[in-house]
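Below is one structure; the comments refer to it alone.
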Amino acid sequence: MTHREVMVALSGILLGMFVSILATSVVSSSLPKIISDLQGTQSAFTWVVTATLLTTTISTPIWGKLSDIVNRKTLIQIALVITVISAAAAGFAQSSGTLILFRAFQGIGAGGLTALATVLIADIISPRERGKYMGLMGGIMAVGMVGGPLLGGALTDTVGWRWNFFVGVPFAIAAIIVLQRTLHLPAMPRVSARLDYWGALLIAVGISGLLLWITFAGNNFDWLSWQSFSMVIGSLVILAVAVWVESRVEAPIIPLTLFRNRTFVLAVIGSAAVGVALFGASVFLSQYMQVSRGKSATVSGLLTIPMIAGNLIASMGAGALITRTGRYKKFMVAGAISLVAGLGLMGTIDYHTNMVVIGLYMFIVGIGMGMLMQNLILAAQNTLAPSEMGTGTSAIAFFRTLGGAIGVSALGAILGSRVTSEITHGLRDMGIDGGAISSGAIPDINTLTGPLKDLVEMAYGVGVAEIFLIASPIAFVTLIAVLFLKEIPLGNKSGVQERLEELARTEALAAEQLAYIEPATALLGDDDADEADADDADALGKETTRSAR
């Protein structure tokens, strides 16, 4: 494909990715206001985010497996429809529970967009050229991440927070139209394979159990209790059964053979750690800005620009240099160091820290994001066979969003516990009955005055800083994984080219085998020949099918 043809096809893919990012990020600066209006608690705040991450996590490998079986263009359009319908439905939510439910459905569509956008880019662009386009994807993600909170904050402060969920509808419709008109992939032979329903169900139940335990332990029951023991052991047993199922079914959701690939394993470890550290900490930035610093939803979105700017600059700059030089490991190492340092610095803030200093720390975090996230996928894709591209890419996204879901749940629980503890002790010292404030509900800081306002601001400042401090050593795991990564020269063929060449090799093998069969059958009698032809044709058909898969 020429550069123009690539850019035309890429426009629809990137617009679809932008819809996914926008649908997720548009509420980030508005969540404190939304949960306050719906009279939700800190746990509800956490689960509005966790529900989306959970269903994204569970659905991502399913979308990836489907992409290896059916038409990828149709799949990404279906994912867009699911995303926009569920997002619009969330706009009519009358309680935090209803909002969480619709956000969970939204995550199913987001899982498809997360998995399929990267796979489609791999289809049309070779690994050697993919760096700059992955950087462009990182740039689009950065624009969505900064534009979403700004747009959401402006809507919340003017026409109301419900418009956060309606604003993505025209973008999704545009993405569907653009994809239909611009994305043209060659027809591929259909692969007959049954979807691994049991594996998908077991993975979903096991992961959900662990996340529920992380969310409720410490609040509804003790960490060391029979409830904790039951939930953890039960979830681990279910996940062990899921691994057993995946090792035996014909078309597993996450093929265990992928874990023989060292680069893939290290990319999974690095992505999961990034998910825990980054998503788990950054999602609570809006609470720090609005509750601890008293900023509006719009201003809190503006204050995250340094982190997004760092992401944009690093993603596009590193992507262009990777395409030019063919080297990617040094950028990933630099990104991991930047992420660890940035999160550690964010762990030193409090409710009086200068906003310029906080902006510098966020910029360092953004640099780490930009150099790491897309390049971890690039490194793994460079080592995957064409038949593994969908499942392998989606598996990395699965573990990254799983890490994010675990991070949001765990760090959210820590934040809620620390904030409640600080406020309760502070109120006791002042001899004040805090009511809903001391019960865990997220307060509207603008309704508080005097010492009570200072106490709440201090509590959230201390709590948010603590979760960043916890996230920094978790991000260090990513640095270790990247250091052990072996740099392999980037390939020069796109995914479609490799798949067509693999198909040609399979057909050539079939023709070669037939050439041996026909002379042999000529030496046999008619009956024997017919029987041999049938047996050999059956065996050849099975072998060809296995090769195609």
Within the structure provided, determine whether [X] and [Y] are in side-chain contact (heavy-atom separation under 4.5 Å).
X	Y	result
Phe105	Ile82	no
Ile173	Val169	yes
Val243	Glu246	no
Ile254	Phe259	yes
Ser271	Val274	no
Ile377	Arg400	yes
Val356	Leu360	no
Lys330	Glu487	no

Working to the nearest 0.5 angstrom, can you tell me the gap between [X] [atom1] and [Y] [atom2]?
X	Y	atom1	atom2	value
Leu376	Met371	CG	CE	13.0 Å
Ile108	Ile78	CD1	CD1	13.0 Å
Leu239	Leu210	CG	CG	6.0 Å
Trp63	Leu75	CH2	CG	6.0 Å
Gln180	Ile177	CD	CD1	10.0 Å
Thr353	Met346	OG1	CE	9.0 Å

What is the minimum heavy-atom distance between [X] and [Y], and which atoms define it?
X	Y	answer
Asn382	Ile488	ND2-O, 3.2 Å
Ala481	Gly270	CB-N, 4.0 Å
Thr55	Ala104	OG1-O, 2.6 Å
Ser338	Gly368	OG-N, 3.5 Å
Leu343	Ala471	CD1-O, 3.9 Å
Asn375	Ala318	ND2-CB, 4.4 Å

Do side-chain atoms of [X] reach the backbone of [Y] as a donor and acceptor pair under 3.5 angstrom?
X	Y	value
Ser472	Val340	yes
Lys329	Leu483	yes
Thr348	Gly344	no
Ser86	Thr83	yes

Original post:
Could you walk me through whether Tyr288 and Arg293 pass the side-chain hydrogen bond (donor to acceptor under 3.5 Å, both in side chains) check?
Top reply: CA-CA 6 Å; Tyr288 172 80; Arg293 305 306 293 262; 2.8 Å; yes
Original post:
Does atom CZ of Phe264 have more than 12 heavy-atom neighbours from other groups under 6.0 Å away?
Top reply: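 Buried by this count: over 12 neighbours within 6.0 Å.
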Original post:
Does Phe484 CZ have over 12 foreign heavy atoms under 6.0 Å away?
Top reply: no
**OP:** Evaluate the side-chain contact (heavy atoms from CB on, under 4.5 Å) criterion for residues Phe165 and Arg103: first the C-alpha distance (whole Å), next the side-chain angles of each, then the deciding distance (0.1 Å), finally the verdict.
**Re:** CA-CA 10 Å; Phe165 301 100; Arg103 290 280 290 178; 4.1 Å; yes
**OP:** Show your working on side-chain contact (heavy atoms from CB on, under 4.5 Å) between Leu372 and Val482 and close with a plain yes or no.
**Re:** CA-CA 9 Å; Leu372 267 178; Val482 170; 4.0 Å; yes
**OP:** Quick one: do Tyr351 and Ser292 satisfy side-chain contact (heavy atoms from CB on, under 4.5 Å)? Show the steps, please.
**Re:** CA-CA 6 Å; Tyr351 71 117; Ser292 188; 3.1 Å; yes
**OP:** Would you sort out whether Leu485 and Met332 count as a side-chain contact (heavy atoms from CB on, under 4.5 Å), showing the intermediate values?
**Re:** CA-CA 10 Å; Leu485 199 68; Met332 296 167 67; 3.6 Å; yes
